[in-house]
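Below, chains carry the letters A, B, ... as their sequence lines are ordered, and counting in each starts from 1.
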Protein chains: 2
Amino acid sequence: MAKGSKRISIQDLAAELGLSVSTISRALNNAVDVSDATKAQVWALAEKLNYQPNSMAASLRSGRSNVLGVIVPHINGAFFPAVVHGIERLASQAGFNVMICQSSEEVDREKKHINALLKAQVDGVLVSMSNTTRDFAHFEQVRRKGIPLVFFDRMPDIPNVCGVVADDYRGAYQLTEHLIAQGCRRIAHLAGPQHLNITFNRHQGYHDALLKHGLPYEKALVIPLANSREKAGAAATEQLLAGPARPDAIFSAYDFAAAGALRVLEEHGIRVPQDMALAGFSNEPFTTMVKPQLTSVDQHGELMGEAAVQLFLQLQKRSDTFTGQRIVLKPKLMIRESSLHGQAATTKSQ
Amino acid sequence: MAKGSKRISIQDLAAELGLSVSTISRALNNAVDVSDATKAQVWALAEKLNYQPNSMAASLRSGRSNVLGVIVPHINGAFFPAVVHGIERLASQAGFNVMICQSSEEVDREKKHINALLKAQVDGVLVSMSNTTRDFAHFEQVRRKGIPLVFFDRMPDIPNVCGVVADDYRGAYQLTEHLIAQGCRRIAHLAGPQHLNITFNRHQGYHDALLKHGLPYEKALVIPLANSREKAGAAATEQLLAGPARPDAIFSAYDFAAAGALRVLEEHGIRVPQDMALAGFSNEPFTTMVKPQLTSVDQHGELMGEAAVQLFLQLQKRSDTFTGQRIVLKPKLMIRESSLHGQAATTKSQ
DNA sequence: TTGAAAGCGCTAACAA
DNA sequence: TTGTTAGCGCTTTCAA
C-alpha cells in the first residue's frame, strides 16, 4: 500500500554490490567490457529489487529518447489505424516507443503536438497533415533542430521533404478507366479539398482519365465535399441529382462519402450499379458489408506505416535531414458489385 | 540547414540577461515572486531565441512528467478511437500529454508498454486490458509505485481498482427484453470470451432476461465467438443454422460479428428481421449503412474516456491510489430495422 | 524579488 | 575489466 516506497536507482545497486555506478550502468546496458560474472550479479539484483531504469535521466544525459512521435489527423475509419499499426510494428522492432497524437484536423493542435514532441526530445517525427494546415513553419522548426521528419499520406508542398504516399493519381485514374470500360460516359466526382495532395491527385487522375478516353470534363459533375463523411456524400449526391443531366457513375474521393451517396441513390430509387455505378476510395471494411458491395481503392495503410519508419531510420543514420526522398505505394483497385455492369447482381469480389 | 545549431537552454537566457538561472526558471513558469518586468524580459528573449524547454530535464528534477499513458487493445472499429478522443480532450485541457499504446490483444505487449510508461515516468496510466491478459501483476506494479491507475471498459478482477465501464449487463438485458417484446422466443447469443467483464456481462444480461421472462436458457443457442470479427460471426451463425432447431433471433456480443451473421443469413435466404431478428453491440457507424440497419447498443465511448481522465485527476489529488471507485455509464439501445417486426421494412430509426 | 547551490538518475570520457 | 568524474537542463530549497 505504500505510496512511493522509494524508487531503486543505479546507485542503490552499486552500493549493494560494492561496485561503481558506471559498472552497473554498463552491465545493465550489456556493454562488451563487463565480465559475465558481474553482469549476472547485477541483473540478478536488479531483478530482485525490481529495478526500473529512469529513461528521463538516460535521455537527458544521452540526448536520445528512443521515442518516435506520430501525428495523425484522426483515427476514425480503418486507414490511419492501419498506418499506425505498421508504424508501431516496425518502430518497436527497432527499439523505439511510439507517441501517437491526433490533430483532429486542427492546425493549432498539430502545432501544439509538434511542440510537445520537441520538448519531449523525440528522436523523430512522423506526420500526416491536418486538412486545415496551410503554412508549414512548425514543420520547418522540426527540421531546423536536426530531427528527422517524415510525412505519410498527406504531405505539405515544401522542398526536400521526405515521405510515403499512395499513388492516389494512379488509383483514381485506373478507377475512372474501369468505370469507362463498364460503359459509363458521364462520370461524376465527389471531390475532397484541393489543397491536399491526396484529394488533389484523386481529382487529377479522374480528370486525366476522362480526357485520355475522349470524354469531356464537366465542371457540373464535380461536387466539392464539405468533409469525408457520409452526410457530406449524401448532400453532394442530392446536389448532383438535382442537376439538369444525371450522371451514370459517381466516383467519390472517400468511402464514407460513397456510403452516403449509396443511401441517397437508394432513396431515389436509383439502382446501383444498373442505373448508376458507384466507387469510393480507401477500401474501408464496411465496403464489403453494404449492398451492393462498394468498389474502392486500397492504399496499403500498414505498409505505408512501415515505409515511413524505414525512411526515418535512414534519415537518422545519414544524419542529413534533407534527402527529399519519397516512397510511392501502388494502389490496388478493389472492383466490387457497385461498379460492375452486366454480371453485377451475382458477382462477389474476392 | 545546420543540424543541431545548438539548443538554447535556460542558462543561455540567464547569461544574455545577466540574471540567474533560477530567476529564469521562475519567470518561465510564471511564478508569483518574479517582477512583471523581469518576466516580460525573459519571455521576450525566449520567444526571440525560440527557446524550447527540455521537458526531460524538468521531469527528471521534478518527478512529474505531465504525460498520461494510455493502453488500448486496438484502435479498430469506432469504440476505442472514441474513448481515446475523449481522453485526449480532457487530458490536454488539464495540461497533460497523452501517450497512446496498442497492446494488439497481446498480454506481452501490454507488459512491455507498462514498463515503457513507467520508465518514462508517466503521471498516470489508463488501461483497457487485452483479451489475453489473465494475470495482473504488471498492473499491481503500477500501483505499487504509487502511480494512479484507471481502467476503462475492460477491467481486471482485482480489489480496489478504479475504472469506468459501460453497463454491459443492462444493455444486454434490455436488448434481450426488446427482442422478446418483438415476439422472439428462441434467441441465440454469439458470445465473447467469458473471462472479460464486458462480454461476460453481455452474456449474463442475456441469460437473466430470458429467465425473467420465462424463457429457457439453451446451451445450444449460445455460440462462443473465436473473436469479434465478421468471419467469426459468420462461422458461428453457420453453426447455429446447422443445428436441429433454428432460433428466431440472434444477439451478437459485437457489431462486426453481427455483420458476419447478416451476410450468412442472407446467403441462406433467411430474411432479417421477418425470419430472424438480429442485434449487435457497440453501435459502430456501419450499423446504419447495412441493410437492414442493425440494432445495437451504444456505449458512449467519448464520455468513457473523459470519465477515465476525471478519475485519474481525482486519484492524483487524493494521493491515494486505492479508492476502488467505479463509474458505470448507462448504455443506450439503438433499435433499428434488424430487430423490428411488423413495421420493419419501412422503419428508419433516428 | 533575486541568487547560490545542490542534485534528480543516468551516461561517457578518461584513468587506472 | 572496473572506477572516477563531470555534467545533461532543469527545479527548488535556503539565504540574501
* Would the number of heavy atoms belonging to other residues, nucleotides or ligands and lying under 6.0 Å from NZ of B:K39 be above 12? ->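 Yes, the 6.0 Å shell around NZ holds more than 12 heavy atoms from other groups.
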* Cut-off 3.5 Å, side chains only: do A:K119 and B:N54 have a donor facing an acceptor? ->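 Side-chain D/A pair, A:K119 to B:N54: absent.
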* Asked: Between B:D36 and A:Q52, which is nearer to the 5' end of DNA chain C once each is assigned its nearest nucleotide?
  ->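 The residue whose closest nucleotide sits nearer the 5' end is B:D36.
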Does the side chain of [X] get closer than 4.0 angstrom to OP1 or OP2 of [N] through an N or O atom?
{"X": "B:S9", "N": "D:dG9", "answer": "no"}
{"X": "B:Y51", "N": "D:dG9", "answer": "no"}
{"X": "A:S35", "N": "D:dT2", "answer": "yes"}
{"X": "A:S25", "N": "C:dT11", "answer": "yes"}
{"X": "B:T23", "N": "C:dT2", "answer": "no"}
{"X": "B:R64", "N": "D:dC10", "answer": "no"}
{"X": "B:T38", "N": "C:dT2", "answer": "yes"}

Without decimals, in angstroms, what is the distance between [X] [atom1] and [N] [atom2]?
{"X": "B:N29", "N": "D:dC10", "atom1": "CG", "atom2": "C1'", "answer": "9 Å"}
{"X": "A:R7", "N": "C:dC10", "atom1": "CZ", "atom2": "P", "answer": "8 Å"}
{"X": "A:D12", "N": "C:dC8", "atom1": "CG", "atom2": "C1'", "answer": "13 Å"}
{"X": "A:L13", "N": "C:dC10", "atom1": "CG", "atom2": "P", "answer": "8 Å"}
{"X": "B:I24", "N": "C:dG3", "atom1": "CD1", "atom2": "P", "answer": "8 Å"}
{"X": "A:I10", "N": "C:dT11", "atom1": "CD1", "atom2": "P", "answer": "5 Å"}
{"X": "B:L60", "N": "D:dT12", "atom1": "CG", "atom2": "P", "answer": "12 Å"}
{"X": "A:I8", "N": "C:dC8", "atom1": "CD1", "atom2": "P", "answer": "15 Å"}

* Hey, is the side chain of B:S22 pairing donor to acceptor with the base of C:dA4 inside 3.5 Å? ->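 Per atom types, the contact qualifies.
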* To do: Ignoring hydrogens and angles, answer whether the base of D:dG9 and the side-chain atoms of A:R61 contain a donor-acceptor pair closer than 3.5 Å.
  =>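 A donor-acceptor contact between them is absent.
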* Asked: What residues form a side chain to side chain donor-acceptor pair (under 3.5 Å) with B:R109, not counting sequence neighbours?
  ->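 None.
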* Upstream residue (5' side of DNA chain D) when B:R26 and B:A58 are each assigned their closest nucleotide ->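 Final value for this comparison: B:A58.
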* Asked: Charged N to carboxylate O under 4.0 angstrom, B:E105 versus B:R154?
  ->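 Here B:E105 pairs with B:R154 in a salt bridge, since their nearest N and O are under 4.0 Å apart.
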* Looking at every strand, decide which applies to B:N54 at a 4.0 Å heavy-atom threshold: base, sugar-phosphate, or nothing. =>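 Sugar-phosphate only.
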* To do: Identify the two heavy atoms, one from A:I158 and one from A:F136, that lie closest to each other, and give their separation to 0.1 Å.
  =>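 Distance-wise, the nearest heavy atoms are CG2-CD1, 3.7 Å.
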